[in-house]
Amino acid sequence: MTAGSTELAHETADAAPGDTELTRPAPAAVEVRDVHKWYGTHRVLNGVDLTVRPGEVTVILGPSGSGKSTLLRVINHLEKPEIGHVSVNGELIGVRRHGDRLKELNERTILAQRSRIGFVFQNFNLFPHLTVLDNVAAAPVATGRLGGEQARELARELLDRVGLADKADAYPRQLSGGQQQRVAIARALALRPGVILFDEPTSALDPE
Ligand SMILES: Nc1ncnc2c1ncn2[C@@H]1O[C@H](COP(=O)(O)OP(=O)(O)O)[C@@H](O)[C@H]1O
Ligand SMILES: [Mg+2]
């Protein structure tokens, strides 16, 4: 991804509260600094900078193969950048400062960071052996945030929000692509992440 091949479109919601001359602005929701990523000799990300403020929606547009998914995967450290770094809500992701170098964090810490960054994958990655309800309830239980009953209650609320209350007991294979995508969105919301990354968010949805 290089300048010119991909566009970043910003839409600002309300200004961050407290963001006045007299107070320090909140840290960026997502800060990408000079990120380079290559696979072998294939350079995919070539010095990407991106700032997303709290409350902003940023759309990344570009042709197939231009590195959009790679950039999202770098943001939650599913891919390590060769150069550069990423912060989410002021916290470095996947690394910590060690003098003037960056050192990789341990996997457990990275998993905890990832639980604060929602990710709706292009192919949804739902658990095929779990019902829709359990797909949404699983992560809050696995991360120890909620007990099983509370998590299922939250999952019912979220499924209602995405219009799938009646599919709670279905399995992913019984749903259409758009319905699976809405389950994936509900699942991302269940951890109440500070940031959500959507890869091709409307690929399977009706326009409305
Ligand atoms: N794990 C990988 N190993 C090697 N090449 C990869 C890998 N992931 C992506 N690529 C290559 O990186 C480029 C960007 O891919 P991707 O980020 O998926 O593009 P987009 O999402 O914009 O369609 C493509 O040329 C793709 O083939
Ligand atoms: Mg992609």
Side-chain angles (χ1 to χ4, degrees), residues 1-11 28-53 56-89 91-95 102-111 113-128 135 139 162 172-173 175-191 193-208:
M1 183 181 290
T2 53
S5 68
T6 293
E7 297 165 45
L8 300 173
H10 294 267
E11 179 181 302
V30 177
E31 186 92 55
V32 174
R33 276 296 147 254
D34 193 33
V35 160
H36 295 250
K37 174 73 199 170
W38 52 82
Y39 296 109
T41 58
H42 183 188
R43 289 175 173 268
V44 178
L45 302 179
N46 206 353
V48 174
D49 289 300
L50 167 67
T51 302
V52 182
R53 296 257 147 233
E56 264 182 4
V57 175
T58 295
V59 177
I60 302 169
L61 295 173
S64 166
S66 61
K68 305 178 298 294
S69 296
T70 303
L71 177 59
L72 294 182
R73 293 167 62 82
V74 164
I75 290 173
N76 78 347
H77 213 70
L78 286 170
E79 296 285 355
K80 295 177 206 169
E82 265 67 36
I83 302 174
H85 60 270
V86 171
S87 303
V88 170
N89 291 318
E91 180 183 9
L92 274 173
I93 299 301
V95 292
L102 296 175
K103 260 189 93 173
E104 183 85 1
L105 292 171
N106 63 43
E107 193 58 25
R108 201 188 143 103
T109 310
I110 295 173
L111 286 175
Q113 290 186 325
R114 262 186 218 135
S115 74
R116 297 190 284 273
I117 305 172
F119 202 120
V120 179
F121 292 91
Q122 183 166 10
N123 54 3
F124 321 133
N125 287 352
L126 296 176
F127 301 116
N135 262 279
V162 298
R173 66 174 180 279
L175 304 185
S176 73
Q179 290 170 334
Q180 289 184 39
Q181 188 161 34
R182 283 184 276 153
V183 175
I185 292 168
R187 182 174 67 170
L189 291 171
L191 285 173
V195 164
I196 305 187
L197 310 173
F198 291 88
D199 199 351
E200 306 286 356
T202 58
S203 59
L205 298 184
D206 299 326
E208 62 275 29

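Model, not experiment: these values are computed from the prediction. In listed order, ligands and their atoms are each counted from 1.
Interface of Ser64 with ligand 1, defined as ligand atoms under 4.0 Å from a residue heavy atom, comprises 23 (O).
Around the Mg ion (ligand 2), protein N, O or S atoms at less than 2.8 Å number 1.
Annotation: side chain of Phe124 is not in contact with side chain of Val183 (no heavy-atom distance under 4.5 Å). Side-chain atoms of Thr51 and Val30, non-hydrogen and from C-beta on, never get closer than 4.5 Å to each other.
Residues forming a side-chain hydrogen bond (donor to acceptor under 3.5 Å, both in side chains) with Arg114 (at least two apart in sequence, or on another chain): none. When the salt bridge (Lys or Arg N to Asp or Glu O under 4.0 Å) test is applied to Glu79, the partners found at least two apart in sequence or on another chain are Lys37, Arg73. Shown here are the ring pair (Phe, Tyr, Trp, His ring centres under 6.0 Å) partners of Phe119, two or more places apart in sequence or in another chain: Phe121.
Among Ser69, Gly67, Gly65, the residue whose heavy atom sits closest to atom 24 (C) of ligand 1 is Gly65.
Within the structure, the closest approach of Pro63 to ligand 1 falls below 4.0 Å when heavy atoms are considered.
In this structure, Val120 and Ile196 approach most closely via the heavy-atom pair CG2-CG2, 4.3 Å.
By the criterion of a heavy-atom distance under 4.0 Å, the side chain of His42, and not its backbone, is placed next to ligand 1. Residue contacts with ligand 1 for Val44 involve side-chain atoms from C-beta outward but no N, CA, C or O (heavy atoms, distance under 4.0 Å).
Between Arg33 and Asp49 there is a salt bridge, since a side-chain N of the basic residue sits under 4.0 Å from a carboxylate O of the acidic one.
Both the sub-6.0 Å distance and the 45° axial angle are satisfied by Arg187 relative to the ring of Phe127.
Residue Thr70 has at least one N or O atom closer than 3.5 Å to an N or O atom of ligand 1.
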**OP:** Go through the steps for Asn89 and Glu91 under the test side-chain contact (heavy atoms from CB on, under 4.5 Å), then give the verdict.
**Re:** CA-CA 6 Å; Asn89 291 318; Glu91 180 183 9; 5.9 Å; no

